[in-house]
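Just so we're on the same page: letters track the sequence lines, and every chain starts at 1. Values reported hereafter were calculated over all heavy atoms of this structure, with side chains retained and with hydrogens, waters and symmetry mates removed.
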Amino acid sequence: MPVARRETCDGRVIAHVDMDCFYVQVEQRKQPCLRGLPTAVVQYNSYKGGGLIAVSYEARKCGVKRSMRGDEAKEACPEIQLVQVPVARGKANLNTYRNAGSEVVTILSRKGRCERASIDEVYLDLTDAAQTMLMETPPESMEHVEEEVIKSHVLGLQVKDGVDAKEEVRKWLCRSDASYQEKLLACGAFIVADLRMQVLKETEFTCSAGIAHNKMLAKLASAMNKPAQQTVVPHSSVEGLLESFPIKKMKQLGGKLGTSLQSDLGINTVGDLLQFSEEKLQQHYGINTGTWLWNIARGISGEEVEERLLPKSHGSGKTFPGPQALKTFASVQHWLNELSEELSERLDSDMDQNKRIAHTLTLHARAYKRGDLDSHKKFPSKSCPLRYGTTKIQEDALTLFHAGLRDFLGIFNSKTHSSENNNWGITALSVSASKIVPIPSGTHSIAKYFVERLPSGSSSNQPVDNVIDEVAPSSPSGENCWEVIPNEMQVEYLEEDPGMNHSNACLDQPDLLGNLSENVDGLTEESSLVAPPGNEDRVTQIESCRDIPAKEPRHASDAYSLKAVEKKKAAGKKPQGNCSITKFFNNYHSSQSSFEQKNVANAQGSPSASSSYLANNQVEMLPEEVDKNSIGCIPQRSQTWSYNIDEIDPSIIDELPPEIQDEFRTWLRPRKRPHVVKRGSNITQYFRPDK
DNA sequence: ACGGATCTGACT
DNA sequence: TAGTCAGAT
């Protein structure tokens with residue numbers, strides 16, 4: 001539905017704050033000797049000096065641009081300082097920038113609703129704060145105005161020659177005869193200047209900002225005077241501002257839609273767009289997009305600032321351009337392991353710091369296929385329920401990859417020359433986690449309960465093992481039972497039955513077995529993914545992808561090894577507990593698939609650890625949704641447990657240790673789903689047939 | 001098939 | 001839901 005039509009000038013005070021060449025600033029803070037020098041941040045300097053991803057303003061003056069190569073940058077600016085992005089697990093690691101971005105967001109969210117728009121940008125809705133300020137300390141009654149405030153740029157403000165611009169700005173900001181809305185904007189300028197000073201003081205980072213009546217205009221304004229400046233857009237200046245503004249520079253019009261506007265309608269500036277009726281635009285681009293275009297031509301944008309300080313998803317990816325394309329399963333598995341490990345680490349941090357849990361794992365890849373007819377087909381993305389724990393994510397990512405590859409190649413192809421190929425290459429891989437929701441009940445009492453009972457010294461983060469010669473354990477301990485416990489609580493868990501570990505539940509699925517087992521067999525024999533470290537298969541694996549550091553895959557996975565599955569199946573059931581919770585689970589599952597039974601068996605070792613996952617997954621949804629959750633997902637039909645919370649006898653809670661009963665109760669009490677307001681689509685109807 | 005690594009949002 | 005596409009930085 002179209003965004004509700006707003007008056008050209010709604011009463012809001014919106015700011016967009018944009019960090020100046022953020023990555024450069026982060027590096028300069030780390031290395032203060034770089035301050036003031038032409039500097040750029042570069043990743044992967046091996047090929048043509050690496051690609052620039054941030055350029056300081058000094059370097060921009062010498063013509064250095066983002067998306068140049070390091071070599072080109074040196075040419076344009078021989079004195080340039082190139083700083084490399086940190087590398088971990090053979091890929092760029094942006095954590096330092098993410099963390100720095102969080103520092104900034106924390107500060108910028110102090111004065112009003114704050115939406116983290118990217119790693120280095122936020123929108124603020126300062127309407128309330130501005131109104132309050134106008135009532136309590138109106139600018140017109142100030143005897144002194146901060147330097148940072150009067151350094152603002154006010155669009156449309158005429159400054160005659162020889163007149164002090166700052167004094168003009170001060171007068172504009174403090175006018176007593178301004179309209180109410182302009183007074184509010186002026187207050188916004190004060191508030192934003194103050195926030196920017198706080199950011200500078202507390203983080204040493206400078207930023208630029210735009211203050212306007214809506215997000216679109218605020219965003220435009222923040223880019224107009226950089227670095228370290230702010231720009232106010234009074235309503236009266238909007239028309240003049242937009243009239244000659246290049247259409248392609250409008251947010252959302254930088255891509256195909258903007259190009260279509262240019263080539264199909266001859267529109268090059270927002271002013272050009274003004275001449276088209278709403279109906280005409282709708283004819284071309286659909287109702288929503290048409291109306292949206294008509295509105296933005298007039299500086300109207302009703303988008304709300306969403307309250308959100310944290311990202312909605314996490315991803316870890318890497319490209320393997322041209323000659324580096326991955327051509328063996330072993331190399332793909334290696335990189336999936338690395339990417340998964342990073343993702344897992346970030347998910348653990350997110351859980352620790354923000355008490356959130358992600359529910360979906362998605363694999364994306366880019367691939368090419370030589371020869372064949374439909375070689376243009378894209379590698380499909382695949383997703384499945386996300387299971388916490390590095391090895392789990394690694395296994396699931398690999399399974400998703402195989403599912404994607406199978407679709408990509410077509411089932412016929414995969415039957416004939418399924419395994420080690422010489423007709424496909426992977427040019428990009430990424431794993432991402434989404435559907436991140438808060439853990440119900442902030443207390444974490446269950447997790448605490450367990451951590452308090454664990455032997456001291458065994459907890460805390462497992463060190464990231466970067467040991468080159470580490471021998472991959474054939475059966476890393478603890479995975480199954482502790483997967484949902486935050487990092488800080490992961491401990492070495494003495495598994496009575498190692499055979500239960502390293503489960504690859506996917507293979508228990510009959511439908512998948514049918515399709516994959518051939519691949520599995522082929523793989524197992526030809527490429528020896530299950531090969532122990534040190535044998536000759538490993539050598540070929542390393543040779544086949546020279547990008548792989550000489551390091552063992554940490555968890556040499558027995559994924560796809562049917563033997564492993566057999567082992568698991570043979571693994572005896574654990575002694576059944578007496579408590580009725582486990583009885584309940586077992587009874588419930590006696591009628592379910594064998595896969596789910598296996599989870600029950602796992603639960604014996606650590607009932608509430610695993611149960612917590614159950615609750616986390618299910619409590620968010622309404623009872624009638626629970627069933628749906630358990631079906632239809634590749635590769636695993638259900639890797640989480642599916643219990644209808646209505647069917648759980650609340651009295652079982654009484655059998656839990658008292659200190660965790662409350663938390664459990666909140667899980668069993670279904671929560672109301674947050675009502676998600678869907679905003680109108682913007683350009684997304686671009687492909688409508690009526691075009 | 002070198003603008004990389006991430007992220008969001010809409011639609012089907 | 002999973003999967004695709006567009007767009008941004």
By nearest-heavy-atom nucleotide on DNA chain B, the more 5' of A:Gly315 and A:Gly322 is A:Gly322
Heavy-atom distance under 4.5 Å between the side chains of A:Leu261 and A:Leu293, does that happen here?
yes
Of the candidates C:dT4, B:dA1, B:dC2, the side chain of A:His364 sits closest to C:dT4
Closer than 3.5 angstrom, by distance alone: can the side chain of A:Lys74 be matched with the main-chain N or O of A:Ile80 as a donor-acceptor pair?
yes
note: A:Asp18, atom CG; C:dA8, atom P; distance rounded to Å ~ 14 Å
When the ring planes of A:Phe22 and A:Phe205 are compared, do they come out parallel, tilted or perpendicular, using 30° and 60° as the limits?
-> perpendicular
Closest to the side chain of A:Gln43, out of B:dG9, C:dT9, B:dG4, is B:dG4
Whole-Å distance, A:Lys215 NZ to B:dT8 C1', equals 11 Å
Looking at every strand, decide which applies to A:Met250 at a 4.0 Å heavy-atom threshold: base, sugar-phosphate, or nothing. sugar-phosphate
Taken to the nearest whole Å, CD/A:Glu303 to P/B:dG9 is 10 Å
Side-chain contact check for A:Lys256: nearest option of C:dG7, C:dT1, B:dG4 is C:dG7
**Asked** So does A:Arg66 have more than 12 non-hydrogen atoms from other groups sitting under 6.0 Å from CZ?
**Response** no
Original post:
For A:Ser432 and B:dC7, is the shortest distance between a side-chain N/O and OP1 or OP2 below 4.0 Å?
Top reply: no
May I ask you to evaluate whether A:Ser383 reaches the phosphate of C:dG3, defined as a side-chain N or O under 4.0 Å from OP1 or OP2? yes
Taking C:dA2, C:dA8, B:dT6 as options, the one with an atom nearest any side-chain atom of A:Lys219 is C:dA8
| query | How would you label the contact of A:Lys48 with the nucleic acid (heavy atoms, under 4.0 Å): base, sugar-phosphate, or nothing? | reply | nothing
At under 4.0 Å, does any side-chain N or O of A:Ser381 touch on OP1 or OP2 of C:dT4? yes
Give one of base, sugar-phosphate or nothing for A:Ser430, where a contact means two heavy atoms less than 4.0 Å apart.
nothing
Ranking B:dT6, C:dT1, B:dT8 by distance to the side chain of A:Glu342, first place goes to B:dT6
Using a cut-off of less than 4.0 Å, is there contact between a side-chain N or O of A:Tyr44 and OP1 or OP2 of B:dG3?
no
Closest to the side chain of A:Ser67, out of B:dG3, B:dA5, B:dC7, is B:dG3
query: Across the strands shown, which category fits A:Gly51 at heavy-atom distances under 4.0 angstrom: base, sugar-phosphate, nothing?
result: nothing
**OP:** Using a cut-off of strictly less than 4.0 Å, decide whether A:Arg116 has a side-chain nitrogen or oxygen near OP1 or OP2 of B:dC7.
**Re:** no
Here the distance between atom P of B:dA10 and atom CH2 of A:Trp292, to the nearest Å, is 12 Å
Among the nucleotides C:dA8, C:dT4, B:dA5, whichever has the atom closest to the side chain of A:Gln252 is C:dA8
Side-chain contact check for A:Lys378: nearest option of C:dA2, B:dG9, C:dC5 is C:dC5
Under 4.0 angstrom between A:Ser313 side-chain N/O and B:dT8 OP1 or OP2
yes
Whole-Å distance, A:Leu400 CG to C:dT1 P, equals 17 Å
Kindly say if A:Lys382 contacts the phosphate of C:dA2, meaning a side-chain N or O under 4.0 Å from OP1 or OP2. no
- prompt: Do the side chains of A:Met19 and A:Ile119 get nearer than 4.5 Å, heavy atoms only?
  reply: no
request  = For the residue pair A:Glu342 and A:Ser316, confirm or rule out a side-chain donor-acceptor distance under 3.5 Å.
outcome  = yes
In whole angstroms, the gap separating C1' of B:dG4 from CG of A:Leu94 amounts to 9 Å
- Task: Check every strand shown and say whether A:Lys65 touches a base, only sugar-phosphate, or nothing at a heavy-atom separation below 4.0 Å.
- Result: nothing
Please measure how far the P atom in B:dA1 lies from the corresponding atom in C:dC5, and state the result in whole Å.
16 Å
Closest to the side chain of A:Arg69, out of B:dC2, C:dG3, B:dA1, is B:dC2
Report task. Classify the ring geometry between A:Phe379 and A:Phe401 as parallel (under 30°), tilted (30 to 60°) or perpendicular (over 60°). Result -> parallel
Does a side-chain N or O of A:Arg98 approach OP1 or OP2 of B:dC7 to a distance below 4.0 Å, or not? yes
*Report yes or no: do A:Asp18 and A:Ser208 form a side-chain donor-acceptor pair below 3.5 Å?*
no
From CG of A:Leu363 across to C1' of C:dA2 the rounded distance in Å is 13 Å
query = According to a strict under-4.0 Å criterion, is A:Lys318 in side-chain N/O contact with OP1 or OP2 of B:dC2?
reply = no
Of the listed C:dA2, B:dC7, B:dA1, the closest approach to the A:His314 side chain comes from B:dC7
When rounded to whole Å, the CG to P distance for the pair A:Asp407 and C:dG3 reads 8 Å
Phosphate contact (B:dG4 OP1 or OP2) by A:Arg366 side-chain N/O below 4.0 Å: no
A:Arg346 side chain N/O closer than 4.0 Å to the phosphate oxygens (OP1, OP2) of B:dC7? yes
Margin query: Looking at B:dC7, I'd like to know if its phosphate oxygens (OP1 or OP2) sit under 4.0 Å from a side-chain N or O belonging to A:Arg308.
Written below: no
query: Between C:dA8 and B:dG3, how far is it from one C1' atom to the other, in whole Å?
result: 13 Å
